[in-house]
Amino acid sequence: MTRPTSGSGRQRNPSGRAAGPRAAQPRTGRPARDEGRPRQAPAPQRKQAPAPQRKQAPAPQRKQGGAQAGKPQPRQARAEKPQPKRSSPTRTQPRATSARLGLQAPEGGRKVPAQARPARSRVARPLPPRPGRPEVRQRWLVGLAVVVVLVFLVRLVQVQLIEGPTLAAKAEAERTATALTPAHRGDITDANGVTLATSVDRYTVVADPKAIKDFRGTGRPHVDGKKVEDGALGIAQLLAPILDLPKNELAAQLVGDSRYEVLAKNVVPEAQRAISNLEIRAYIRTDLTSRRTYPSGTVAGSLVGFVDHEQTGQGGIEAAYDDLLSGTAGSDTYERSLDGLRIPAAGQESVPAVPGNDVQLTLVHDIQWKAQDAIDEAKRSSGAEYGIAIVEDVRTGEIVALADSGAVDPNDRSTSAVAGGSRAVKDVFDPGSTGKVVTMAAALEGGYWNPNSRFTVPDTYTTPNGQTFHDSHDHPVQRLTLTGVLAQSSNTGTVQVGEKIPLVERQEYLQRFGFGQPTGLGLPGESVGLMPPADVSDWDGRTQYAVLFGQGLSVNAMQATSVFSTVANGGVRMTPTLFKGTKSPDGTVAPAEREPGERVVSEETADTVVEMMETVTGDGGTGTNAVVPGYRVAGKTGTAQMPAGNGWTYMASFIGVAPADDPRYTVSVFLKSPSSSIYGGDVAAPVFSDIMGFTLQKMDVPPSEDRDRRLRTEW
């Protein structure tokens, strides 16, 4: 409970010094209840809880001399905002007197209340700083620590749970290396296993110049009596003798910040083993590669083809059978240290390479060589632009030899000739008189004529529709049989033969014999030739007769050869092929599947045509230069006119079969633009005789039996 004090007394502040009386000031915005009467200042609060306020009885009036004598006690002031606690004045302090406060009593001896007297202005001294609160700092520190922990916890969750698998995979990828193991490409062999193309192991030497900076030669054997230096010079000292390179030039290649520098390619295995023995794998590595070689050189060079730097077939057989030859590459995956060395205890995974299959061709190496040699010689002797020679087994359609003049060596890449391909399938020309065999077969098969049918043959003949045709040379009117027309290769006689054959049948037999269709060899760049319009009603007046003697259409050499093989095979056309079979890496041989032949004409018709063609090589025929001693030969000469720039040129040819009494092989010879003679009987027939004779001897074909010819050429 508060205790009133006299007006003359003074209160002590917490420091113990007396404080002057304070005038009671009215509260802002609210008038004092009893103006003129001082408000009683609240007494300092004790530490105990304040007792409930009670109304105070008015103090008894005192005599004059008290500052508040006779004055009623003012009401207790309304509760104010709590103030900072202050220390209570001690009871022993002396009361402040008016004299000590510098106040004078009014006249008459009466004392003026302190509240009525003006107070001397006084500057209040600042209170001392409040003591610090450590619990606040502790809360801030704890909060900051919680925030830091939360940050680390969020990052930990992000790294371990969200980004964990990705980071782990990235780290594994950085320390994991995969070395590809190239698959051994299969060999290409002839029918007897003679290698035409093979692959050998070679290595590419690669340096890491950035790592070589840390190379130290200390402790290594001396090279040429000299200490091994550090860095690029030391590596060059070790490698130069093995790679047969100048040491200074090699050292220059090893300087820099590159991580991949190719030092040498196609390094043989012996050199690779020497490099491996140096134990410098952290700085130098050798990558296994493969190199394609062609042991037979130019033999079948334009036919075999070549591969690129990735060992992918780019021409000839290499491209045609690339899926069988290429195989499947393997891989070796391992973990490596920072210096590039394999970590033995780490996980490793190896997938072995699967070698490609060997491809066996139907070619016979020796016959292929003979065909190339003979056609090269014919090109030189005749002055021809180029020559083509083909040898085919009539019973199976297998190609025994396919030669182009000027054959290239696939090992020599200095020119683009190796990419040219074989002209036997890509160049087309009119078949010329060799196409007359198709007309004779159609005439006999349709029953329009027989071998002894008689014709009056002039050197010039005009058809009912006004088209005039000529023979190759002027001659008097001849009396020839159907056989004689073929033997003399008469254009005018052939036109007379074909007049009876309907246009639809003329077109049908051309298609049956394979004109205008792929040969089946599958060689890159093949052309199917050109045919007259599919609708015979669109044929012009000259074409309908020109096709009878091999003009008005174009074929490639293989298509023309296939016609004679079909006739020699009893009228059954076999698809030409170069593919004999495959041999897997484990030695298993898989023969090629053969398609059944397609019958074109009856066996009787085919045998008759062969007998008629035999007269071509006999006395009075155009192909007497094609005879092979000891064997009966049936064939046909050809001289086809073909455009060349602003003029014309010729394709001289001869195609024949032997032995005629039991045909085994077909040989065709083509010479473009010969200068010595344009006639196939003069320039191509002798080459045929040379190649056919060698083939029959090589393949051990028994000689023919002599017999009288029963077909007449004249009447």
Side-chain angles (χ1 to χ4, degrees), residues 382-384 429-440 443 449 451-500 540-553 612-613 615-627 635-644 646-656 669-686 711-715:
S382 67
F429 46 85
D430 290 3
S433 294
T434 58
K436 294 173 182 176
V437 173
V438 177
T439 302
M440 297 302 168
W449 308 101
N452 295 315
S453 297
R454 299 176 178 183
F455 298 89
T456 300
V457 181
D459 59 353
T460 300
Y461 180 78
T462 301
T463 61
N465 66 353
Q467 299 295 325
T468 300
F469 298 94
H470 305 273
D471 276 342
S472 59
H473 58 281
D474 296 337
H475 62 79
V477 176
Q478 296 175 308
R479 295 165 41 162
L480 303 175
T481 63
L482 181 66
T483 303
V485 170
L486 182 63
Q488 294 296 321
S489 190
S490 173
N491 294 336
T492 59
T494 304
V495 170
Q496 295 180 57
V497 171
E499 285 180 333
K500 278 191 175 183
D540 59 62
R542 190 168 187 81
T543 298
Q544 58 183 289
Y545 292 104
V547 296
L548 296 171
F549 53 87
Q551 292 185 7
L553 73 162
M612 292 171 62
M613 289 193 302
T615 63
V616 174
T617 60
D619 294 338
T622 59
T624 55
N625 290 328
V627 296
K636 184 68 186 75
T637 57
T639 303
Q641 192 178 39
M642 51 193 305
N646 297 326
W648 296 89
T649 187
Y650 296 90
M651 178 68 79
S653 61
F654 184 92
I655 307 175
V669 177
F670 304 87
L671 292 168
K672 180 184 178 182
S673 305
S675 59
S676 61
S677 174
I678 65 172
Y679 299 112
D682 295 335
V683 294
L711 297 179
R712 298 177 60 88
T713 60
E714 296 179 349
W715 57 276

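We're numbering straight along the sequence, starting at 1. For clarity, every value in this text was computed on a predicted model and none was experimentally measured. Only heavy atoms go into these numbers, but all of them, side chains included; no hydrogens, no water, no symmetry mates.
- Among residues two or more places apart in sequence or in another chain, the side chain to side chain contact (heavy atoms under 4.5 Å, CB included) test is passed with Q551 by D430, A546, F549.
- Side-chain contact check for M651 versus L671: every heavy-atom pair is 4.5 Å or farther apart.
- Residues L482 and N452 are not in side-chain contact: their nearest non-hydrogen atoms beyond the backbone lie 4.5 Å or more apart.
- Residues satisfying the side chain to side chain contact (heavy atoms under 4.5 Å, CB included) test with A652, not counting sequence neighbours, are P674, V683.
- Residues passing the side chain to side chain contact (heavy atoms under 4.5 Å, CB included) test with I678, sequence neighbours excluded: T639, Y650.
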Would you list the atom pairs, donor with acceptor, under 3.5 Å between side chains in residues 491-498 and any protein atom, with sequence neighbours excluded?
{"from": "N491", "atom 1": "OD1", "to": "K436", "atom 2": "NZ", "distance (Å)": "2.9"}
{"from": "N491", "atom 1": "ND2", "to": "H470", "atom 2": "O", "distance (Å)": "3.1"}
{"from": "T492", "atom 1": "OG1", "to": "P458", "atom 2": "O", "distance (Å)": "2.6"}
{"from": "T492", "atom 1": "OG1", "to": "D471", "atom 2": "OD2", "distance (Å)": "3.3"}
{"from": "T492", "atom 1": "OG1", "to": "S490", "atom 2": "OG", "distance (Å)": "3.1"}
{"from": "T494", "atom 1": "OG1", "to": "S490", "atom 2": "O", "distance (Å)": "2.6"}
{"from": "Q496", "atom 1": "NE2", "to": "T456", "atom 2": "O", "distance (Å)": "3.0"}

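- With sequence neighbours excluded, the residues satisfying side chain to side chain contact (heavy atoms under 4.5 Å, CB included) with T483 are P451, T481, M612, T615, L711, T713.
- When all heavy atoms are compared, the tightest approach of T637 to G623 is CG2-CA, 3.9 Å.
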- side-chain contact (heavy atoms from CB on, under 4.5 Å) assessment of Y545 paired with N465: CA-CA 10 Å; Y545 292 104; N465 66 353; 3.6 Å; yes
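- To the nearest 0.5 Å, the span separating NZ on K636 from CD1 on I655 amounts to 10.0 Å.
- Each ring pair (Phe, Tyr, Trp, His ring centres under 6.0 Å) pair with one or both residues in residues 473-496, not counting sequence neighbours, appears once here: H473-H475.
- Listed by chain and residue number, W449 satisfy the ring-ring contact (aromatic ring centres under 6.0 Å, His included) test with F455 (two or more places apart in sequence, or in another chain).
- Between G618 and T624, the closest heavy-atom pair is O-CG2, 3.1 Å.
- Nearest heavy-atom pair, G638 versus S433, reported as atom, atom and distance to 0.1 Å: CA-CB, 3.9 Å.
- Side-chain contact check for M642 versus K672: some heavy-atom pair is nearer than 4.5 Å.
- D682 places no side-chain N or O within 3.5 Å of a backbone atom of S677 that could act as its donor or acceptor partner.
- Among all heavy-atom pairs drawn from V547 and Q544, the shortest one is CG2-O, 3.7 Å.
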- Item | Steps toward side-chain contact (heavy atoms from CB on, under 4.5 Å) verdict (M440, V485) | CA-CA 10 Å; M440 297 302 168; V485 170; 3.9 Å; yes
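- For the ring-ring contact (aromatic ring centres under 6.0 Å, His included) test, residues two or more places apart in sequence or in another chain that qualify with F429 are F670.
- In terms of heavy atoms, F654 sits closest to A684 at N-CB, 3.6 Å.
- Taking E499 as the reference, Y461 meet the side chain to side chain donor-acceptor pair (under 3.5 Å) condition, with sequence neighbours excluded.
- A search for side chain to side chain donor-acceptor pair (under 3.5 Å) contacts involving D474 returns nothing, not counting sequence neighbours.
- Separation of atoms CH2 (W715) and CG (L480) is listed at 9.5 Å; rounding is to 0.5 Å.
- When the side chain to side chain donor-acceptor pair (under 3.5 Å) test is applied to Q467, the partners found at least two apart in sequence or on another chain are R542.
- Residues T434 and S653 approach most closely at CG2-OG, 3.6 Å, considering heavy atoms.
- Listed by chain and residue number, nothing satisfies the side chain to side chain donor-acceptor pair (under 3.5 Å) test with R454 (two or more places apart in sequence, or in another chain).
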- Message: Checking F469 against T460 for the side-chain contact (heavy atoms from CB on, under 4.5 Å) test, could you report, in this order, the C-alpha distance in whole Å, the side-chain angles of both residues, the deciding distance, and whether it holds?
- Response: CA-CA 6 Å; F469 298 94; T460 300; over 6 Å; no
